[in-house]
Each structure stands twice: as structure tokens, then as C-alpha cells.
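Remarks on the structure that follows.
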Amino acid sequence: MSEKVRAKVKDLLDSGRIKGFLGLRQADGHLGPHLFTDGRELDALAVGDLKRPGDTRYPLNKQLLTLMRCDPDDSFGVLVRGCDERGLKTLITWNQVDPAKVVAVGIACPPELAAACECLKPYPDEFVDGGKVEGSTFASVATVDALDLHSRLTHWLHEFSKCVKCYGCRDICPMCFCKECSLEQEDLIHTGDLPPENPIFHLTRAVHMAGRCIDCGLCNEACPADIPLRTLYKKVAEIIAQEFDYRPGYVEPGEKPPLNILGEAPEH
Amino acid sequence: MTTKRVAVMKELLSFTGIEPDRLRLEWVSAAEGPKFAQAISEFTSRIKTLGPSRLKVAA
Ligand code: SF4
Ligand code: SF4
């Protein structure tokens with residue numbers, strides 16, 4: 001699906017609208033992030049369909065942040081799926097990205113990916129390629145909700161006990177941009193201990209992602225222990241949506257998350 | 001702010017299988033001794049009814 005994306009990026013680069021485009025590039029059989037600065041090198045531009053459609057994703061927004069911090073005066077383009085666009089909007093809300101300096105080039109996700117992600121909106125507001133697929137509900141959350149309290153605890157304690165505390169979930173997260181991380185605060189987490197205190201480590205991260213996680217699922221993909229982190233954060237998102245009618249990435253950029261402002265308390 | 005956070009926390013606890021009643025938020029000023037005593041006795045009796053947490057038992 002990269003032809004239309006290439007054409008769009010070529011326009012942006014050739015016209016000088018952007019200094020570089022952050023996308024994916026195929027090299028030696030692998031896909032990885034790459035900053036394209038020359039319209040002539042776009043043959044190598046990929047959108048992440050290595051073996052299956054959309055099987056390779058990267059937290060490009062995270063690299064964008066680094067890039068913009070190093071080079072705050074220039075404008076950059078970035079490849080976005082639905083989740084990345086939610087991320088971009090959220091980073092704007094948190095004053096991490098200057099919207100005037102970013103041009104998003106959107107692609108809509110294929111049905112397989114959208115279904116696997118249980119994505120509510122598997123397409124950005126505007127996209128140059130791909131087709132609109134209906135969003136799905138959070139079946140994985142419903143499965144845990146259906147358990148009784150006792151089985152839920154058994155389930156999560158088992159899952160969390162697999163954690164090797166590599167911090168991979170945090171490191172890959174495009175919404176983790178804090179200079180000081182809660183997961184390294186001695187008062188909350190014993191930083192030297194292995195395994196991490198169960199379930200404190202994971203609940204700390206879950207609470208910290210409330211109003212911020214845009215449900216990209218990269219943490220879940222990165223976790224070497226296969227902990228269903230996405231299900232946990234999907235639930236957090238559901239709680240925030242129910243209590244405060246707020247969903248990060250689905251609200252207009254600039255609309256502050258409920259746990260960061262005063263305002264109406266939940267009714268019960 | 002805290003009211004909001006505690007509400008979220010209670011739901012998250014319930015999702016992970018921990019009785020939300022183990023968390024309670026109450027505002028008591030230094031001048032409200034009886035209110036404090038009452039809140040604490042209510043809380044302790046609630047916790048006693050719930051019994052030891054499985055987290056404690058597991059540890
Ligand atoms: S799904 Fe995971 S990686 Fe993505 S924003 Fe949420 S916490 Fe971060
Ligand atoms: S990525 Fe997985 S193993 Fe690593 S710290 Fe996060 S939850 Fe634990």
C-alpha cells in the first residue's frame with residue numbers, strides 16, 4: 001500500500017513543506033524507522049507490511065519527539081495509523097509536539113490488524129491509503145470482566161508474575177515522555193528488586209497511563225513475557241471514558257485529561 | 001482530584017480482583033476527632049469482614 005504514501009511524501013519533501021519524513025524502511029529483510037529527507041530515496045519507504053498487512057509497527061511518534069527536540073525549528077512529516085494519530089493528538093494536548101511543525105500522512109489499517117487490535121477506530125481522520133474498517137469493542141476486557149473477583153486476581157497475579165522488569169513496556173510507549181518515571185521512584189517501586197512487587201509495579205503503570213494511553217498495543221507486542229498489558233490499559237481507558245466521558249486521542253487536541261484538571265467528581 | 005483518582009483506582013482494583021472496599025477516602029479535619037474515630041472503626045470492621053487479602057496470603 002505504499003505507492004500513494006510515496007507520492008504524498010514526495011510532494012511534501014519536494015515542495016519544502018517538511019524537512020524530513022519519518023516512516024519505515026526495508027533493509028536486509030527487516031523493517032525499521034527511517035527519516036527520509038530526499039524525494040529520490042522513497043523507493044525504500046514501507047508502511048509496515050512485512051509478511052502480513054500491518055505486522056510491523058514502530059512508535060514513530062516517540063522518534064518524532066526526539067527529532068523535534070533536537071531540531072525545534074523545522075517541520076517533519078510522520079506516517080500515522082489510527083493509533084499513531086491518537087498519539088499525536090495526545091502529545092499535542094500534553095504540549096510535547098507543536099502541531100504547526102508536524103504533517104501526518106495517514107494510512108487506514110487492514111481488517112486483520114484492526115480486529116487483532118480490537119481497535120475502536122482503525123483509521124486516522126484523513127488517510128491517503130487503505131480503506132475504512134469498522135472499529136471493534138474490547139472483547140478481551142469483557143472476558144476478564146466476566147470472571148469473579150477471585151479468578152481475576154488469580155489471572156492477573158499469574159500474568160504479572162511473569163514480568164522480568166525490563167521496562168520494555170515503558171520504553172516503547174509513545175505516550176511515555178516523562179523525564180522522571182514513576183516506575184523508578186523509590187517510594188513507589190523498589191527499583192533494585194526482582195521480580196517487581198506484584199501487582200504494584202503494573203498497577204502503578206496502569207494508573208499513570210490513565211487519560212494518556214491511546215491503545216496502540218506496542219507495549220503488549222514488546223513484552224517478552226507476553227503479559228496482556230493492552231487489556232489492562234484498555235480497561236483503564238474504559239474507566240476513564242465511563243467516569244469522565246474522555247478518551248485520549250479521540251478528543252480534540254488541547255482538551256485536558258480529567259485526572260490532570262480539577263472538575264466534576266464521578267457521581268458515586 | 002483525589003476523589004477522581006480514588007474512583008478510578010477502585011475500579012481498577014476490582015478489575016484486577018482486589019476488593020475495592022479495601023481502599024477508602026475520607027476527609028477529616030484535625031478538629032473532628034469523633035468523625036475520625038468513626039471512619040476508622042467502620043473501615044477496620046469492613047476490612048475484618050473481608051478477611052486477609054489474598055495478596056497477603058500469597059506473599
Ligand atoms: S497501548 Fe501501551 S504502548 Fe500504547 S500508549 Fe498505551 S501504554 Fe503506551
Ligand atoms: S515489557 Fe513486560 S516484562 Fe518488561 S517490564 Fe513491561 S511488563 Fe515487565
Side-chain angles (χ1 to χ4, degrees), chain A residues 138 140-161 195 197-212 228-229 231-244 246 256-268, chain B:
Chain A
F138 295 167
S140 59
V141 172
T143 310
V144 179
D145 274 333
L147 300 173
D148 61 22
L149 216 58
H150 189 277
S151 316
R152 287 184 207 163
L153 185 63
T154 308
H155 168 71
W156 288 112
L157 286 182
H158 166 70
E159 291 296 344
F160 296 156
S161 71
E197 209 182 338
N198 187 356
I200 299 291
F201 183 84
H202 290 277
L203 292 188
T204 303
R205 182 152 202 280
V207 170
H208 201 76
M209 295 323 285
R212 190 194 290 226
L229 297 167
T231 305
L232 183 65
Y233 307 141
K234 273 181 193 284
K235 178 64 184 189
V236 172
E238 265 186 5
I239 297 172
I240 298 291
Q242 270 160 20
E243 296 287 351
F244 309 105
Y246 182 98
K256 298 289 177 215
L259 294 185
N260 298 67
I261 47 167
L262 292 173
E264 294 279 303
E267 276 160 16
H268 50 92
Chain B
M1 191 70 74
T2 310
T3 318
K4 292 196 210 174
R5 286 177 188 239
V6 169
V8 171
M9 199 60 219
K10 276 175 174 282
E11 295 202 40
L12 182 61
L13 286 177
S14 154
F15 185 68
T16 44
I18 302 165
E19 298 87 348
D21 277 5
R22 292 187 190 274
L23 178 65
R24 178 166 169 173
L25 176 67
E26 203 72 56
W27 267 273
V28 186
S29 103
E32 295 173 311
K35 190 178 170 194
F36 180 73
Q38 195 197 345
I40 295 297
S41 353
E42 273 174 24
F43 191 51
T44 37
S45 77
R46 180 69 192 123
I47 295 292
K48 279 184 184 142
T49 327
L50 288 172
S53 158
R54 278 183 60 217
L55 285 177
K56 202 79 185 169
V57 177

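All values derive from a computational prediction rather than experimental measurement. Residue numbering restarts at 1 for every chain, and letters A, B, ... go by the order of the sequence lines.
- A donor-acceptor contact under 3.5 angstrom links the side chains of B:Gln38 and B:Glu42, judged on distance only.
- Judged by distance alone, with hydrogens and angles left aside, the side-chain atoms of B:Glu32 form a donor-acceptor pair with the main-chain N or O of B:Ser29 at under 3.5 Å.
- Ranked by heavy-atom pairs under 4.5 Å with chain A, the list B:Val8, B:Thr3, B:Leu13 is led by B:Val8.
- Note on ring orientation: taking the six-membered ring where Trp is involved, the planes of A:His202 and A:Phe160 are parallel (angle under 30°, cut-offs 30° and 60°).
- The part of A:Asn260 that comes within reach of chain B is its backbone (N, CA, C, O), which places non-hydrogen atoms under 4.5 angstrom from that chain.
- The candidate with the highest count of non-hydrogen atom pairs below 4.5 Å against chain B, out of A:Val236, A:Leu147, A:Leu203, is A:Leu203.
- Using a distance-only test at 3.5 Å, with no hydrogens or angles considered, a donor-acceptor pair links the side chain of B:Arg54 to the main chain of A:His150.
- Residue contact with chain B, scored on non-hydrogen atoms closer than 4.5 Å, involves the backbone and the side chain of A:Thr231 alike.
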